Student: 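Once you've had a glance at the structure underneath, I'll fire off some questions.
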Amino acid sequence: MRGAQLLPDTGEPGFGIYVHWPFCAAKCPYCDFNSHVRHQPVDQERFAAAFLKEMATMRMISGPKTVTSVFLGGGTPSLMKPETVGAVLDGIARTWHMPDGIEITMEANPSSVEAERFRGYRAAGVNRVSMGVQALNDRDLKFLGRLHDVADALKAIRLAREIFPRMSFDLIYARPNQTVEEWERELKEAISYAVDHLSLYQLTIEEGTPFYGLHKAGKLIVPDGDQSALLYEATQEITEREGMPAYEVSNHARPGAESRHNLTYWRYGDYAGIGPGAHGRLTRGPQKLATATERKPESWLEMVERDGHGMVDQEMLGFDEQADELLLMGLRLREGVDLARWQQLSGRDPDPQREAFLLEHGFIERIGNSRLRCTPAGMLVLDSVVADLAC
């Protein structure tokens, strides 16, 4: 069994593999991810073969690499058969060097969880599961369009704790009419169920979703900026006190239990994106290739079977673009940005006047001479901080 003992985080960006399973049992009204509902059974063997074929193309671009994490995302990867997951993971191991003990995460929905399936995923090599719980009351689960209830969620959490070495689940807050006191109670309950990691996201209204139309028509009112800030501050205070501080804007973990795969993104490492609508970043000499694949599953499948890949966009990123992306991703982290790496890419120091302004107003701070990070106040206006420093 792969991953019996997880390797420690080295602090390096690493090289991740992201595999996108695009299918869901139902589309949530807040979701703008590349997910699709199909009322006929999906040909999983055909999709698995296409994943492996696209991997071979990505291997030609990346060259030989040692994989440090794998993430099976979606969509709802827990709709895959364990045999499909096993075939994908075996394909990755044949395509790149894949040491024992690396983090292998699968996203799961509580409504699609069965003990036998979970044990099958574990036997295939999955050693971390991330579940979309989203709320711990049935009223809000119904509002969010989820197919599970609280009883299903708690059953799935218990199973995950029994079967996998590591487990995380997501909650969405800043829901309509949610008070700080209600969220504090729900968050404390969530922490009592958590093992070592929680992802806590504020509800956002994304264009193109059913919630967007309702919000625009005035039929869905979300907390205003001040209330959202209070909810965010309560989140930081409670998780810090309970030993699960934020290591990234929306992600909380006990020390050492941070998501290695997501750290690869935020530390601006390389990753290969496999599957419909997947994105990647692969270093080619001094430049970095940004890749994006066809979003529609059936079109992606036909492209891969014909051409060996489903890429519809390949863009070489120069030093300035890489420096901006490094800043955008790294300032989300509590550990901040490696200044020397940013200076090497951008060819300059941070603007002294802009940095002085942000320091004076308590939005950023230096960690010695080597790193720059946002303060808790800066995290509340992160986009503005990034824009100021990137100029």
Side-chain angles (χ1 to χ4, degrees), residues 24-37 74-76 107-112 130-157 168-194 197-242 244 246 248-252 332 376-377 379-384:
C24 283
K27 185 79 172 177
C28 296
Y30 57 84
C31 178
D32 71 336
F33 291 171
N34 187 40
S35 58
H36 304 262
V37 177
T76 307
E107 289 185 332
N109 275 341
S111 56
S112 62
S130 177
M131 290 191 296
V133 171
Q134 312 308 14
L136 288 174
N137 70 74
D138 288 338
R139 179 200 66 202
D140 284 351
L141 285 172
K142 187 175 181 180
F143 160 74
L144 291 168
R146 306 300 286 165
L147 297 180
H148 64 274
D149 58 19
V150 172
D152 293 330
L154 297 183
K155 176 186 173 185
I157 288 168
S168 177
F169 60 89
D170 300 357
L171 292 179
I172 293 173
Y173 66 103
R175 307 188 290 260
N177 302 313
Q178 187 178 39
T179 68
V180 172
E181 292 73 24
E182 287 171 336
W183 172 233
E184 287 177 341
R185 285 195 296 273
E186 190 171 350
L187 180 54
K188 288 173 185 175
E189 183 184 0
I191 291 170
S192 75
Y193 302 137
H197 193 285
L198 285 172
S199 295
L200 307 171
Y201 302 105
Q202 290 201 14
L203 177 63
T204 55
I205 306 300
E206 303 292 349
E207 193 168 352
T209 65
F211 272 7
Y212 181 82
L214 290 171
H215 181 66
K216 198 170 182 182
K219 296 178 180 178
L220 193 163
I221 309 298
V222 294
D224 62 20
D226 289 343
Q227 179 69 1
S228 294
L230 290 173
L231 289 162
Y232 177 81
E233 287 164 359
T235 303
Q236 308 315 303
E237 181 185 332
I238 291 169
T239 53
E240 185 88 33
R241 188 170 68 235
E242 297 295 328
M244 297 185 73
E248 188 268 347
V249 175
S250 302
N251 286 273
H252 304 254
R332 298 179 65 88
M379 287 294 188
L380 287 169
V381 289
L382 179 61
D383 290 346
S384 296

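These values consider heavy atoms only, across backbone and side chains, with no hydrogens, waters or symmetry-generated copies. What you see is a predicted model; the values in this text were computed from it and never measured. The chain is numbered in sequence order, starting from 1.
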Student: Start with the C-alpha distance between D170 and V133, add both sets of side-chain angles, then the distance that settles side chain to side chain contact (heavy atoms under 4.5 Å, CB included), and finish with yes or no.
Tutor: CA-CA 6 Å; D170 300 357; V133 171; over 6 Å; no
Student: May I ask you to decide if P110's main-chain N or O and R146's side chain share a donor-acceptor pair within less than 3.5 Å?
Tutor: no
Student: Side chain to side chain contact (heavy atoms under 4.5 Å, CB included) between E207 and D32: does it pass, once the steps are laid out?
Tutor: CA-CA 8 Å; E207 193 168 352; D32 71 336; over 6 Å; no
Student: Considering residues, nucleotides and ligands other than K216, do more than 12 of their heavy atoms fall under 6.0 Å from its NZ?
Tutor: no
Student: Mark yes or no for whether Q202, through its side chain, and S228, through its backbone, hold a donor-acceptor pair below 3.5 Å.
Tutor: yes
Student: Identify the two heavy atoms, one from L144 and one from A135, that lie closest to each other, and give their separation to 0.1 Å.
Tutor: CD1-CB, 4.2 Å
Student: Which heavy atom in E107 sits nearest to a heavy atom in G75, and how many Å separate them?
Tutor: OE1-O, 4.3 Å
Student: To the nearest 0.5 angstrom, please state how far the OG1 atom of T239 sits from the NZ atom of K188.
Tutor: 12.0 Å
Student: Using side chain to side chain contact (heavy atoms under 4.5 Å, CB included), reason through F169 and L198 one step at a time and then give a plain yes or no.
Tutor: CA-CA 5 Å; F169 60 89; L198 285 172; 3.5 Å; yes
Student: Are N251 and R332 packed together at the side-chain level, in the sense that at least one heavy-atom pair is separated by less than 4.5 angstrom?
Tutor: no
Student: Of the non-hydrogen atoms in A234 and E184, which two are nearest, and what is the gap between them?
Tutor: CB-OE2, 3.9 Å
Student: About how many Å separate CE of M244 and CD1 of I238, when rounded to the nearest 0.5 Å?
Tutor: 13.0 Å
Student: Over all heavy atoms of both residues, which pair between G145 and P29 is shortest? Give the atoms and the distance, please.
Tutor: CA-CD, 3.8 Å
Student: Would you give the length of the straight line joining atom CH2 of W183 to atom CG of L231, rounded to the nearest 0.5 angstrom?
Tutor: 8.5 Å
Student: Taking the side chain as C-beta and beyond, is there a heavy-atom pair between H252 and E240 under 4.5 Å?
Tutor: no
Student: Taking the side chain as everything from C-beta on, heavy atoms only, tell me whether L187 gets closer than 4.5 Å to L200.
Tutor: yes
Student: Measuring from L141:CG to S111:OG, what's the distance to the nearest 0.5 Å?
Tutor: 10.5 Å
Student: For a side chain to side chain contact (heavy atoms under 4.5 Å, CB included) check, start with the C-alpha distance between Y232 and M379, then their side-chain angles and the critical distance, and finish with the verdict.
Tutor: CA-CA 10 Å; Y232 177 81; M379 287 294 188; 3.4 Å; yes
Student: Evaluate the side-chain proximity of K142 to D149: yes if any heavy-atom separation is below 4.5 Å, no if none is.
Tutor: no
Student: State, yes or no, whether a side-chain contact exists between S35 and K27 at a heavy-atom distance under 4.5 Å.
Tutor: yes
Student: Any Lys/Arg nitrogen of E237 or R241 sitting under 4.0 Å from an Asp/Glu carboxylate oxygen of the other?
Tutor: yes
Student: Output the distance between atom CG (N34) and atom SG (C24), rounded to the nearest 0.5 Å.
Tutor: 9.5 Å
Student: With a 6.0 Å cut-off (strictly less than), is the heavy-atom count around CG of N177, excluding the residue itself, greater than 12?
Tutor: no
Student: With heavy-atom distances below 4.5 Å as the criterion, would you say the side chains of L220 and P176 are in contact?
Tutor: yes
Student: Which atom pair, heavy atoms only, marks the closest approach of G132 to H148?
Tutor: O-CE1, 3.4 Å
Student: Do L136 and Y193 have side-chain heavy atoms sitting under 4.5 Å apart?
Tutor: yes
Student: Can you give me the closest heavy-atom contact between L147 and A25, atom names plus distance?
Tutor: CD1-CB, 3.7 Å
Student: Between R175 and E182 (salt bridge meaning N to carboxylate O under 4.0 Å), is one present in this structure?
Tutor: no
Student: Looking at OG of S199 and CE of M131, how far apart are the two atoms once the value is rounded to the nearest 0.5 Å?
Tutor: 12.0 Å
Student: Can you find a heavy atom in the side chain of V180 that is under 4.5 Å from one in the side chain of E233?
Tutor: no
Student: Would you find a donor on one side and an acceptor on the other, under 3.5 Å apart, between the side chain of E189 and the backbone of R185?
Tutor: no
Student: How about Y30 and F143: are their ring centres within less than 6.0 Å of each other?
Tutor: no
